[in-house]
Each structure stands twice: as C-alpha cells, then as structure tokens.
2 protein chains.
Amino acid sequence: MTGKEIGQATIRDVAREADVSVASVSRVFNRLPNVRPELKERVEQAARKLNYVPHAGARNLSMARTGAIGVVLPDLHGEYFSEMLRGMEREAALHHRHLLLSNMHLDIGYGIDALRNMRGRVDGLIVMAPHINLDALFAQLPPSIPAVLLNCQDNGQGRPELRVDNVAGAGAMVRHLIDCGRRAIVHVEGPAGNVEAADRARGYVRAMEAAGLKPVILPGNFDEESGRRAVDRLQAEQIDVDAIFAANDMTAIGVMVALRDMGVDVPTQVAVAGFDNIPLARLVSPGLTTMAVDIADMGARGINRLVALIDGEAVPQMELRQPGLIIRNSSQLSAA
Amino acid sequence: MTGKEIGQATIRDVAREADVSVASVSRVFNRLPNVRPELKERVEQAARKLNYVPHAGARNLSMARTGAIGVVLPDLHGEYFSEMLRGMEREAALHHRHLLLSNMHLDIGYGIDALRNMRGRVDGLIVMAPHINLDALFAQLPPSIPAVLLNCQDNGQGRPELRVDNVAGAGAMVRHLIDCGRRAIVHVEGPAGNVEAADRARGYVRAMEAAGLKPVILPGNFDEESGRRAVDRLQAEQIDVDAIFAANDMTAIGVMVALRDMGVDVPTQVAVAGFDNIPLARLVSPGLTTMAVDIADMGARGINRLVALIDGEAVPQMELRQPGLIIRNSSQLSAA
DNA sequence: TGGTTTCTTGTAACCGGTTACAAGACGGCT
DNA sequence: AGCCGTCTTGTAACCGGTTACAAGAAACCA
C-alpha cells in the first residue's frame with residue numbers, strides 16, 4: 001500500500017517483485033524458449049499481481065518497429081472511403097497491424113506536417129491523394145519510409161502504386177450507354193485537379209469521339225449536390241440529353257434525385273450511370289448502373305503490398321486494376 | 001557519401017553537424033524561446049541538410065504522451081460506423097490527435113489483447129462495444145488509462161459514458177406509427193446480446209402495450225439481409241402487419257427491398273421505419289422514416305470528452321442523448 | 001576428476017528523444 | 001573592480017522496453 005499508486009508497473013517493477021532480472025521478464029513476455037518453468041511462473045505471478053501491461057511505445061522504440069500503418073486520406077466523407085478503410089482494416093488485422101488515421105483535409109501544408117509526424121509512429125504509409133501532387137509531399141519526407149500509393153498522380157518517386165484504370169472504365173461505360181441506344185450522353189465531371197476525375201473525363205471524351213458523338217461535360221464535385229446542380233443546368237440551358245454519366249456514384253445519385261423531383265423517368269427518358277459501385281448504388285431505386293471497383297479489396301491489396309514492402313520483400317511497381325461494368329435499372333430496364 | 005546511407009538522421013547527428021548539443025536541437029525543434037537566433041539558424045540548416053525528421057516514438061516515450069487516441073469498434077461495416085469515425089476524426093484533428101483503429105471483431109479474447117496492446121500507444125480509449133460485457137474487458141486493463149464509453153452496457157467501472165436513449169426513441173417511433181393509423185406494428189430486432197438492440201426492443205414493447213396493442217418481434221441482425229428474411233417470414237407465416245419498425249436503418253432497408261420485390265407498396269400497404277438516420281436513409285425511395293441520432297456528432301463528443309479526461313479536466317459521468325424523429329415517405333406520404 | 005558443451009540468467013548498453021541542473025557569458029549596478 | 005541577475009548552452013539522467021555478451025550452473029563424457 002505504500003508503493004506508488006500512480007502510474008503503471010514497469011518491467012523493472014515486475015523484475016524486482018519476482019526477484020529476477022529485467023531480461024528474464026522480457027524473455028517471459030516474448031515467449032522465448034530458454035526460460036526455466038519455475039522462473040517463468042514466478043514472473044507471471046508477479047506480473048499478475050502488479051497488473052503489468054507491457055508498454056508498446058518503449059517496445060517499438062527499442063525494436064525500431066511499431067506495428068502500425070499510417071493511412072493518409074483526403075477526406076472521410078462518403079462510402080468510398082469508409083469501404084476502403086474497411087478493407088484495409090481487415091487486411092491489417094490479419095497481419096497484426098493497427099491503422100493510424102491521418103486526414104489530409106485538402107490542405108497540402110497540413111498534409112506535409114501530418115506525414116512528418118508519422119515518422120517513428122508507423123512502419124509505413126498508405127497514401128491516397130488523387131488531388132495532390134505528391135512530389136511536394138514526399139520531398140519533405142525521408143525517402144526510406146515505405147509507402148504504397150493508391151490512385152495518386154503518377155509520381156511519388158518510384159513507390160509501388162495501385163490504380164484503377166479509370167480511362168478504360170469510363171470508355172466501357174460510354175459504350176454500354178451507346179449500346180442501350182443513347183446518343184446524347186452528358187458527363188458530369190469530378191473536382192478539378194483530381195487525377196481520377198480527369199482520367200474518367202478523358203475516357204469519356206475518347207469513347208464519345210470514337211463513336212462519332214459530341215462530348216458534353218458539366219462541372220461537378222464528386223458529391224450529391226453537384227449532381228443535382230448539373231441537372232438544374234441541363235434544364236436551364238435546354239441541353240439535349242438521353243443519358244447522364246456521372247464521374248462517381250454519389251454524383252449519379254444526386255442526378256437521379258434531381259430527375260425524380262423533376263418528374264423525368266429513369267431510365268426511359270434519361271439513363272443514369274455512375275462509377276465506383278459503392279454499396280448504396282445497389283440500394284437506390286432504380287438501381288444504379290456503375291463501374292465496380294471493389295474498393296474494399298483495393299484497400300486490402302494496398303495494405304498487403306505495404307506489409308510486404310515493410311518486410312523487405314519485392315513488390316510489383318504498379319498494378320492497374322480493371323473495373324467491371326455493373327448493369328442495373330438506371331440504364332436498362334431489363335436488368336435485375 | 002561515406003556516412004550511413006541507411007537509417008534516418010537522429011537528433012545527435014544533427015547536433016554533431018551543427019556543432020551544438022542535443023538539448024539545443026531539441027529546443028529549436030520545440031520552438032523554445034531561449035535559443036540564440038544564430039544557433040537556431042545553424043541547427044535548422046543542419047537539419048535540412050540531413051533531412052532530419054524527429055522520431056515521434058522516442059518523443060512519446062520520454063514525454064509519456066502519444067497524441068493518439070485508440071478507437072475500439074466491434075466492426076467497420078456499414079455507414080453507422082463510418083459516420084461515427086468521421087465525426088471522431090474531425091474532432092481529433094482539431095485537438096491535434098490521431099486515431100488508432102482497433103477492430104474488436106466480435107471476439108472478446110481478441111478484444112482484450114487488442115486493448116492491452118494499446119498501452120503506450122495511445123493516451124486514451126474510445127470504446128464502442130454494445131455487444132460485450134465490459135467488466136471482463138476492463139478487468140484486464142490498468143484502471144488508470146482514460147476511456148470514454150459509447151453505447152455500452154452499463155458497467156465499465158465508472159468511466160464516462162455517452163449514450164442514445166434507445167428506449168425513448170423506440171417508443172416515440174411506435175407512437176408515430178400509431179398516429180399514422182397503424183395497429184399491426186411488427187418489430188425486427190437487432191442481434192442478441194446487443195444492448196442497443198435490447199433497449200430498442202424494450203421501448204417498442206412498452207409503447208405497444210401502453211397503446212393496448214400486441215407486440216410482435218421477429219429476429220434480426222442489424223443488416224440488410226435480416227430485414228429481407230423478416231419479410232419472408234411475415235409472408236410465410238401470414239402474419240397480419242401494416243407497419244414494420246426495424247431495429248436499425250440497414251434492416252429497414254432490407255425490409256423495403258423485400259417488400260418492393262414482393263410488390264407490396266410502401267407506405268400505403270405497409271409502413272416502414274428504421275433507427276439511426278444513416279445518410280443512406282434519405283436517399284432510398286421512398287425515403288426512410290427513422291430516429292436521428294447524429295452519429296458523427298456523437299463520435300465527436302466522445303473524442304471531446306476523452307481529450308478533456310486525458311488533460312485531467314472534470315467530465316460528466318454520463319450523457320443520455322435524445323434521438324429525434326425524422327418523418328419521410330416510408331411511413332407517411334405527405335412527408336417530404 | 002576435469003574439461004567441454006549446453007542451458008539459464010544477469011548486467012549494461014542501446015533505441016531517440018526530453019529536461020533538470022549546472023555552468024558559462026554577458027550586461028548593469030554600486 | 002566586484003557582485004548579481006538573466007540568458008544561453010551543455011552534460012547526463014531518464015522514459016521502458018530489447019538484446020549482445022558474459023558468467024555461472026548443470027549435464028555429459030572420457
């Protein structure tokens with residue numbers, strides 16, 4: 001009762017209590033084989049008595065390994081990121097790793113600070129920053145920290161990348177809409193400066209031109225609101241349209257809501273398509289035709305690569321994943 | 001070129017390079033005022049030259065503070081948790097704290113390990129475990145680690161709690177359905193052993209009995225699939241029903257999907273209601289009537305309380321938040 | 001019996017920061 | 001000049017673990 005009630009027991013306290021050396025306590029807790037059973041028992045009793053829990057921070061420092069992975073995201077809004085995070089978390093748990101979240105909050109200065117703060121906190125980084133030029137970011141960072149890039153602009157100094165083939169995906173979607181008999185296909189773009197958005201727009205333009213159709217692009221922002229605004233504008237400007245291909249699902253959903261409010265039927269009057277296949281896409285009605293990315297799996301793969309990289313294994317430099325067309329009722333009534 | 005290329009520069013390397021003591025380097029990096037400008041400049045130059053980034057782990061150890069908050073969740077599935085996480089992340093960033101994720105994966109043994117692993121890694125814990133008896137959990141943990149409980153079973157050894165008044169919310173929902181003229185109101189329950197689910201069921205039963213109606217409860221699991229199964233069962237057993245109150249929104253959405261597939265109109269034939277007001281609830285059609293919890297705000301409040309607790313401030317022991325009724329078209333056509 | 005091998009255990013240095021304390025430098029005052 | 005207070009800087013201990021190394025004990029063998 002006279003001991004220090006405040007503060008946790010340390011390994012030295014346990015050693016004293018069990019009348020052994022700290023090395024032995026360490027050995028017991030790390031399950032090293034060369035410990036006499038009697039001594040092991042004594043240590044365990046002492047640890048129980050003192051309610052000892054090893055201090056992970058100290059352990060990390062001396063082993064130069066934290067067991068944590070830093071995840072740098074631009075935002076946590078919407079299902080896209082939560083799906084990705086879910087995939088990452090599952091894979092990380094398999095490898096006995098934790099996830100340390102760090103939101104980039106769209107501000108690059110803040111992002112740099114956030115990244116630097118990660119040194120000594122994590123063993124590696126997953127960076128998802130479609131909107132930011134990574135050279136500025138990584139220039140501030142020691143080049144030796146392992147990192148895997150998800151859907152980033154193509155720089156990042158030769159680090160392994162995972163990417164969705166947005167150009168091909170957008171092209172496939174345009175062709176699908178054409179197959180459905182649509183000709184006046186309008187694209188609602190993603191935010192400016194976002195590589196994924198730019199690639200999808202590029203894929204759209206190419207496919208339209210290849211089919212001899214005139215591309216029409218409206219601005220957007222990857223959110224529901226911007227889909228609604230796009231529809232307003234279509235109506236205000238009396239633009240001829242029989243299909244709207246939005247840069248992502250949330251925008252497409254905004255489009256559908258606005259059309260519904262306006263009394264325009266989907267898909268008979270206007271077909272709607274999105275991109276990402278967020279869980280929600282299946283649940284709205286009509287179901288949303290979209291390009292499936294398997295977001296969670298992509299997150300999991302990213303973690304997997306990163307863990308390999310941390311463990312010093314060879315890792316493919318770049319993987320381009322092909323999204324798959326998911327046809328639902330928003331583009332074609334026979335579906336589902 | 002002959003130096004060690006491998007490994008980061010440490011504070012001692014910088015000190016040597018700038019020909020000052022480690023204490024001075026530390027002072028410069030921590031912006032302490034008592035440093036001569038000339039020396040400060042020298043240190044900064046040396047740091048730049050060596051591309052020095054302070055090692056957060058070492059700093060944490062010597063300061064006994066990590067700047068990280070551990071978040072223990074049962075699962076990451078669905079919008080409920082992602083919304084909560086989003087709220088937490090925002091608030092944490094305001095306080096310059098990171099979030100360390102730890103999934104409980106429904107297994108209590110795993111959960112205990114996960115919690116113990118947190119010592120020395122985080123300054124405090126947010127625990128959300130509606131399905132687990134916390135006494136077993138916290139018994140394994142040094143009592144001195146700060147923690148805030150979110151919607152947990154009422155134990156946790158006197159730690160601050162935040163909770164939704166699920167009983168009252170369920171009651172209000174039942175009364176709303178009755179006001180809409182419904183009498184045969186069936187409840188689809190949440191998973192067994194989950195306090196929130198149990199409270200909602202209790203609120204439902206009480207309100208039904210108070211109105212002189214007979215409660216009918218079907219099993220469920222908080223997911224879409226269980227909502228579908230519940231509808232199948234209602235049909236198979238020919239149960240009389242004019243309203244279905246599901247224990248949460250995902251279940252309610254499953255119910256709506258199944259009803260739609262079956263050709264039953266919502267709300268004219270059967271009204272549907274959920275609980276939580278996940279973002280999705282607004283987007284399905286018809287819009288889902290539900291109890292709004294403001295999940296993100298709840299997460300933010302939890303972080304806020306925890307930070308105060310870590311900083312040694314007084315924190316209210318318990319807060320019971322009242323959810324608000326959100327009426328949409330799934331219960332009442334005039335709405336929206 | 002003594003020598004060699006193997007197994008167990010302890011001592012102390014180390015991981016990379018922070019910080020209490022002491023000492024030196026400098027300026028102002030009598 | 002001598003004394004004192006203030007400001008800057010360095011030395012070394014410390015945070016709580018891990019682990020290289022050495023030493024002692026035990027087992028085995030000739």
Side-chain angles (χ1 to χ4, degrees), chain A residues 4 6-43 46-47 50-67 116-123 142 144-145, chain B residues 4 6-43 46-47 50-67 116-123 142 144-145:
Chain A
K4 43 173 182 178
I6 282 301
Q8 303 302 330
T10 74
I11 197 173
R12 283 169 234 269
D13 297 328
V14 177
R16 194 175 316 117
E17 177 73 28
D19 198 29
V20 298
S21 73
V22 290
S24 291
V25 179
S26 176
R27 284 191 271 259
V28 168
F29 271 83
N30 290 308
R31 300 193 160 68
L32 296 194
N34 51 343
V35 180
R36 201 157 38 94
E38 187 268 337
L39 185 145
K40 175 164 180 253
E41 178 56 31
R42 232 164 62 218
V43 168
L50 299 180
N51 201 355
Y52 168 69
V53 178
H55 189 286
R59 176 173 234 264
N60 295 342
L61 179 57
S62 72
M63 304 216 296
R65 206 149 210 295
T66 66
R116 304 185 119 231
N117 269 340
M118 290 280 164
R119 148 137 147 105
R121 234 183 248 286
V122 302
D123 298 328
S144 62
I145 184 163
Chain B
K4 41 173 184 178
I6 283 299
Q8 303 301 331
T10 74
I11 197 172
R12 282 169 236 269
D13 297 328
V14 177
R16 196 175 315 118
E17 177 73 29
D19 197 30
V20 298
S21 72
V22 291
S24 291
V25 178
S26 177
R27 283 190 271 259
V28 169
F29 270 83
N30 290 308
R31 299 193 160 68
L32 296 195
N34 51 343
V35 180
R36 200 159 38 95
E38 187 268 337
L39 185 146
K40 176 164 180 255
E41 177 57 32
R42 232 163 63 218
V43 168
L50 300 180
N51 201 356
Y52 169 69
V53 179
H55 189 287
R59 177 171 233 264
N60 296 342
L61 179 57
S62 72
M63 305 215 296
R65 206 149 209 294
T66 66
R116 305 185 118 229
N117 270 340
M118 290 280 164
R119 148 134 148 107
R121 236 182 247 287
V122 301
D123 298 327
S144 62
I145 184 163

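Values reported hereafter were calculated over all heavy atoms of this structure, with side chains retained and with hydrogens, waters and symmetry mates removed. Predicted model, so just to flag it, every value in this text is computed and none were measured. All chains are named by letter (A, B, ...) in the order of the sequence lines, taking the proteins before the strands, and each is independently numbered beginning at 1.
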Side-chain heavy-atom pair A:His55, A:Ile11 within 4.5 angstrom cut-off: no
Among C:dG17, C:dC15, D:dG17, the one nearest B:His55 by side-chain distance: C:dG17
Separation of atom CZ in B:Arg65 from atom C1' in D:dG16, rounded to whole Å: 18 Å
Atom pair CG/CZ of B:Leu61 and B:Arg59 - distance to nearest 0.5 Å: 12.5 Å
Gap between atoms CD and P, on B:Gln8 and C:dC15 respectively (whole Å): 15 Å
Under 4.0 Å protein heavy-atom contacts per nucleotide of nucleotides 6-11 of chain D, with B for base, S for backbone only and - for none: --SBBB
Length of the line joining B:Arg16:CZ and C:dG16:C1', which is rounded to integer Å: 13 Å
Protein-nucleotide distance (B:Arg59, atom CZ; C:dT18, atom C1'), rounded to Å: 9 Å
Pairwise side-chain contact, B:Val20 with B:Arg42, heavy-atom cut-off 4.5 Å (strictly under): yes
Gap separating the CG atom of B:Asn51 from the CD atom of B:Gln8, nearest 0.5 angstrom: 7.5 Å
Gap between atom OG of A:Ser24 and atom CG of A:Leu32 - 0.5 Å precision: 10.0 Å
d(CG, B:Leu61; P, D:dA13) in whole Å: 17 Å
B:Asn60 side-chain N/O to C:dG17 phosphate OP1/OP2 under 4.0 Å: no
A:Leu32 CG to D:dT19 C1', straight-line distance once rounded to whole Å: 10 Å
Touch class at under 4.0 angstrom, heavy-atom based, for B:Phe29 against every strand present: nothing
Phosphate contact (D:dT18 OP1 or OP2) by A:Ser26 side-chain N/O below 4.0 Å: yes
Distance test, side-chain N/O of A:Arg119 to OP1/OP2 of C:dG17, below 4.0 Å: yes
B:Arg12 (side chain) and C:dG17 (base): donor-acceptor pair under 3.5 Å: yes
A:Arg27 and A:Asn34, any side-chain heavy atoms less than 4.5 Å apart: yes
Side chain to side chain, A:Val53 and B:Met118, heavy atoms closer than 4.5 Å: no
Length of the CE-P vector between B:Met63 and D:dA13, whole Å: 22 Å
